[in-house]
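Inspection log for the structure reproduced underneath, given as structure tokens.
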Amino acid sequence: MLNVTTFLDANSCRLNKPIFCSPETDTCYNSEEILKIASGIAKHLKELGSKKGDRIILYMNSSPEYLFSYFAVWRIGAVAVPTNRVYTAFELSYMIENSGAKIIITDEEGKETAKDLPVKIYVPKNLDDLKKSEIIDPEKTEFDDLCQLQYTSGTTGKPKGAMLTHGNWFTAIHNECDVLTLKQDDVYLGIYPMAHVGLSWGIAAMRAGALYVMMERYDPEKYLHLCKKHSVTVLAGMPPVIHSLTEAEKGTETSLKTVREIISGGGPLHHEIWKKFHYRYNIPVINAYGLSETVVIGTGTVIRPEDYASADRFQSVGHPVCFSEVKIVDELDSSKTMPTNTAGEIALRGPAVAKGYWNMPKETAESFLPDGWFLTGDVGYLDKDNRLCITDRKKDMIVMSGWKIYPTEVEEALIKYEGIGEIAVFGIPDKHRGELPAAAVVWKKGWDSSSSDALLAFAKERLAGYKVPRKIITVENLPRVNGWKLLRRELREKYS
């Protein structure tokens with residue numbers, strides 16, 4: 001049997017210390033308290049009819065309730081479907097229909113958004129009362145039993161549910177503990193949204209008996225304040241955060257003096273920013289590469305502190321983590337392996353690779369090969385030291401502050417606006433956020449650029465805020481090959 005929540009049982013037998021802290025509510029929890037709260041939530045889910053294998057939507061802001069709901073769902077052998085609290089009812093309805101979820105766990109505001117959706121609604125209340133719950137036994141689950149559908153937007157438009165298992169999560173937690181050399185006296189400050197697989201870094205810290213300090217929403221001043229207040233040793237970051245730290249006022253070093261390493265992921269970390277940060281703060285960057293389909297670095301690659309003697313190029317995402325393999329294949333023929341220093345598609349293999357995409361056999365067959373290799377769609381090469389270097393991302397994906405935005409998904413939402421003839425969404429460079437989404441629009445007859453504001457209002461009703469284009473560009477026609485294949489690259493080059 002392997003139920004990923006049982007690390008809490010083990011911790012509760014030997015540790016009587018906080019492993020999770022919510023500064024927003026000024027509360028900390030030890031392993032036994034977390035088990036009791038999760039058990040209380042699980043009891044309510046069972047009363048609503050939930051059983052092993054059922055999908056359950058999580059729809060909250062990052063909060064203790066969100067984290068404890070994960071454990072509750074996993075504890076009873078159900079399947080968590082994490083969603084972002086900024087999603088609209090329009091976006092949620094697809095997740096519900098595709099996953100077949102019958103229950104949604106949310107908060108009071110989310111309850112209002114979900115009230116007309118075809119699901120039962122459960123709002124966890126009064127965690128102090130839930131602390132009095134009797135601990136329930138974990139459901140018998142195996143390595144390959146599903147515990148999560150992690151939706152990742154597809155280049156074809158509709159989000160795809162990566163099927164993650166208890167074994168995938170077990171591997172990810174193990175590898176992240178290993179990579180960060182986490183110990184009981186460590187303090188990890190997490191900034192990744194709980195709907196994102198980056199949450200795994202925080203769960204890994206809890207598994208090690210370290211303290212996971214959660215930021216509900218990233219704020220630069222609060223980030224530094226919490227780092228200093230809690231004597232943080234392991235810091236979550238991403239390229240925009242690290243860039244901000246390189247530009248921070250003199251004396252910021254004092255707030256980071258206890259930090260021994262900072263994580264970067266979710267997008268490429270520019271060589272010059274990485275180098276500048278390293279020489280200013282002398283803190284190793286754990287530059288990691290993985291995907292939703294691999295539970296971050298459950299199967300992936302990473303630069304570790306011990307790599308720094310030879311990492312002076314500040315451009316690699318390092319070597320495979322434990323149990324992982326990486327190779328570069330021909331983009332047109334995945335059976336061909338590319339030689340050293342030759343770019344191609346990055347392929348990963350290991351025990352944290354998802355089982356495939358939920359109810360999407362065609363897409364699964366295209367990316368998950370029979371011999372276990374997962375084709376990431378990202379482009380890179382292996383250097384002479386066998387370290388992975390990323391040269392390009394999935395062809396059209398936009399990465400803004402770590403958020404991944406797939407143009408087709410945005411286009412499918414906006415094309416419904418009555419004044420649009422054609423639309424193409426693409427990324428434009430932004431020094432701080434990496435990229436911003438923009439839209440090139442061909443208006444129907446009788447419409448023009450004066451409708452841009454109305455289009456943006458339309459977008460905000462249907463899309464999470466980070467997906468809404470920051471710039472609307474009116475064009476007479478869209479660049480295409482032979483009149484049909486859209487050339488987003490030309491739009492990026494022209495309007496960057």
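Note that these values count all heavy atoms, side chains included, but never hydrogens, waters or copies made by symmetry. Keep in mind it's a predicted model, so treat the numbers as computed, not measured. FYI, the numbering just counts along the sequence from 1.
Screening residues 256-267 for side-chain hydrogen bond (donor to acceptor under 3.5 Å, both in side chains) gives Thr181-Arg260, Asp186-Arg260 as the qualifying pairs, with residues at least two apart or on separate chains. The salt bridge (Lys or Arg N to Asp or Glu O under 4.0 Å) pairs that include a residue from residues 223-251 are Glu247-Lys276, where partners are two or more places apart or lie in different chains. Pairs passing the salt bridge (Lys or Arg N to Asp or Glu O under 4.0 Å) check and including a residue from residues 333-357, sequence neighbours excluded, read Glu325-Arg349. Within the structure, ring pair (Phe, Tyr, Trp, His ring centres under 6.0 Å) pairs that include any residue of residues 333-352 do not occur (at least two apart or interchain). Pairs of residues two or more places apart, or lying in two chains, that qualify as side-chain hydrogen bond (donor to acceptor under 3.5 Å, both in side chains) and include a residue from residues 277-292 are Glu253-Arg280, Tyr289-Thr376, Tyr289-Asp378.
In this structure His243 satisfies the ring pair (Phe, Tyr, Trp, His ring centres under 6.0 Å) test together with His432, sequence neighbours excluded. Residues satisfying the ring pair (Phe, Tyr, Trp, His ring centres under 6.0 Å) criterion with Phe368, sequence neighbours excluded, are Tyr357, Phe374. For Ala365, there are no side-chain contact (heavy atoms from CB on, under 4.5 Å) partners two or more places apart in sequence or in a different chain. Under the rule for a ring pair (Phe, Tyr, Trp, His ring centres under 6.0 Å), Phe143 has no partner lying at least two apart in sequence or in another chain. Applying the ring pair (Phe, Tyr, Trp, His ring centres under 6.0 Å) rule to His196 yields no partners; only residues at least two apart in sequence or on another chain are considered.
Under the 3.5 Å distance criterion, the side-chain polar atoms of Tyr70 are matched with a main-chain donor or acceptor of Met194.
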Begin from the C-alpha positions of Trp169 and Cys147 and carry the test side chain to side chain contact (heavy atoms under 4.5 Å, CB included) through to its verdict.
CA-CA 9 Å; Trp169 267 91; Cys147 70; 3.6 Å; yes
Please step through side chain to side chain contact (heavy atoms under 4.5 Å, CB included) for the pair Ile390 and Ile346, ending with a clear verdict.
CA-CA 9 Å; Ile390 311 292; Ile346 300 165; 3.4 Å; yes
Starting from the C-alpha separation in whole Å, work towards a yes-or-no answer on side chain to side chain contact (heavy atoms under 4.5 Å, CB included) for Leu224 and Leu245.
CA-CA 10 Å; Leu224 294 173; Leu245 290 171; 4.0 Å; yes
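Using a 4.5 Å heavy-atom threshold, the side chains of Asp430 and Met400 count as separate. Contact check for Pro469 versus Val410: side-chain heavy atoms found under the 4.5 Å cut-off. Residues Leu92 and Thr83 have side chains in contact (heavy-atom distance under 4.5 Å, counting atoms from C-beta outward). Looking at Leu491 and Pro479, their side chains come closer than 4.5 Å, going by heavy atoms from C-beta outward.
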N/O donor to acceptor pairs below 3.5 angstrom from side-chain atoms of residues 214-221, sequence neighbours left out:
from: Asp219; atom 1: OD2; to: Glu221; atom 2: N; distance (Å): 3.2
from: Asp219; atom 1: OD2; to: Lys222; atom 2: N; distance (Å): 2.9

Under 3.5 Å, sequence neighbours excluded: what are the donor-acceptor pairs made by side chains of residues 198-213?
from: Ser200; atom 1: OG; to: Glu176; atom 2: OE1; distance (Å): 3.2
from: Ser200; atom 1: OG; to: Glu176; atom 2: OE2; distance (Å): 2.9
from: Ser200; atom 1: OG; to: Val197; atom 2: O; distance (Å): 2.7

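Between Trp274 and Tyr308, the ring planes lie perpendicular to each other; the angle is over 60°, past the 30° to 60° tilted range. Using cut-offs of 30° and 60° on the angle between ring planes, the pair Phe71 and Trp74 is perpendicular.
Ion pairing of Arg488 with Glu411 is present here, as a side-chain N (NZ or NE/NH1/NH2) and a carboxylate O approach within less than 4.0 Å. We find that Asp307 and Arg387 are not joined by a salt bridge, their nearest charged nitrogen and carboxylate oxygen being 4.0 Å or further apart.
Summarising the local packing, OH of Tyr223 is surrounded by more than 12 heavy atoms from other residues, nucleotides or ligands at distances under 6.0 Å.
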